[in-house]
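Read through the structure below, which is laid out as structure tokens, and then see the notes.
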Amino acid sequence: MSSPDPRLSRAVTAHAVAVAGLSAAHSLRARGLRRTLLFATLANAIPAIGEYLAINVLGSLRHHTRPQSRGVPLPITLGWYNISYATFSVAESLVAGADPGGSGRGSSLPPITALLATNLDLLLDPAGLDSALWEWTGDGPYAAEIRGRNDRRGIPLFNFAGWLAIESTIALAYRFLTADDGEDETRPGKAGSPEAGRTSALLLLLYYLPAAAWASKRRGWKYLLYSLPFLAALWSALKGS
């Protein structure tokens, strides 16, 4: 397999940095400074630890985007933050819409966030593998027709278990650490509002659409089918319901 195109690596990095800026701006409006810093810390540190373990301890994964620190690339860490924040914000909006009298932070919020983010990765991970952005050191049963740069096929299932665990941990930690906070319920665009959900859905489209374009070009229609629950959640958030 050929090396990844340096231009693609630079584009992925620029994309991650730009979306991180948009995510932070969204979070500042919806949550304020303290909660923004808290979520950013959790959603960067926890995935970075997971990536470090997968790369340097388990030896199951290698990344090819730059810049990197101990094998963990900046665009991947920022990508985790972007997806974690936006899926959490969409989940808040959906949960609040289903329970208007609640705070949008019920016990269903962590699993919904984790399921949405993992469902998106059913599309993102094959696209990244096929584009030589990363490679798995062993074969996997998911997307087995796609070869990595090292000629290994597919994606191991523990990748998706990792997504579920990491996203659940971020959401649970954030809920626990903000459980006793006061919040201005009348503030426009606050967390859990339809407005916050809509703009978060737009942030997620910045990840979904390039991956969907890859699937369409490669005629990987099954990956678009697998990600339909994620797309349905985005549609619901965009409608504000």
Worksheet entry | Under-4.0 Å salt bridge between E145 and K222 | yes
Worksheet item: Checking S89 side chain against S200 main chain: does a donor-acceptor pair fall under 3.5 Å?
Response: no
Worksheet item: Are the aromatic ring centres of Y142 and W136 under 6.0 angstrom apart?
Response: no
Fill in: Contact summary for S60 and F158, nearest pair of heavy atoms
CB-CZ, 3.8 Å
Worksheet entry | Y52 side chain near L58 side chain, heavy-atom distance below 4.5 Å | no
Practice prompt. Measure the acute angle between the ring planes of F88 and Y174, then classify it against the limits of 30° and 60° as parallel, tilted or perpendicular.
Written response: perpendicular
Worksheet item: To the nearest 0.5 Å, how far apart are CG in D121 and CG in N159?
Response: 5.0 Å
Worksheet entry | SB check E92 R31 (cutoff 4.0 Å) | yes
Discussion item. Check R147 with E135, please: is the shortest side-chain N to carboxylate O separation under 4.0 Å?
Written reply: no
Worksheet entry | Smallest separation among heavy atoms of T13 and R66, with atom names | OG1-O, 2.7 Å
Worksheet item: Which heavy-atom pair separates L224 from S216 by the least distance, and what is that distance?
Response: CD1-OG, 3.9 Å
Practice prompt. Using distance alone, with no hydrogens and no angle criterion, decide if Y207 and N82 have a side-chain donor and acceptor under 3.5 Å apart.
Written response: yes
Worksheet item: If you take all heavy atoms of T65 and P75, which pair is closest and at what distance?
Response: OG1-CG, 3.6 Å
Fill in: For N44 against L78, the heavy-atom pair lying closest together
OD1-CD2, 3.9 Å
Worksheet item: Checking side-chain contact (heavy atoms from CB on, under 4.5 Å) for the pair L124/I83: CA distance, chi angles, key distance, verdict?
Response: CA-CA 11 Å; L124 289 181; I83 293 170; 3.5 Å; yes
Worksheet entry | Worked verdict on L123 versus Y208 for side-chain contact (heavy atoms from CB on, under 4.5 Å) | CA-CA 8 Å; L123 177 61; Y208 176 84; 3.6 Å; yes
Worksheet item: Mind checking whether H26 and Y85 have parallel, tilted or perpendicular rings, split at 30° and 60°?
Response: perpendicular
Worksheet item: Taking atom types as modelled and ignoring hydrogens, do the side chains of T118 and E167 form a donor-acceptor contact shorter than 3.5 angstrom?
Response: no
Item to complete: Spell out, as yes or no, whether a donor-acceptor pair under 3.5 Å connects the side chain of N56 to the backbone of R70.
Response: yes
Worksheet item: Roughly how far apart are T87 OG1 and F230 CZ, rounded to 0.5 Å?
Response: 7.5 Å
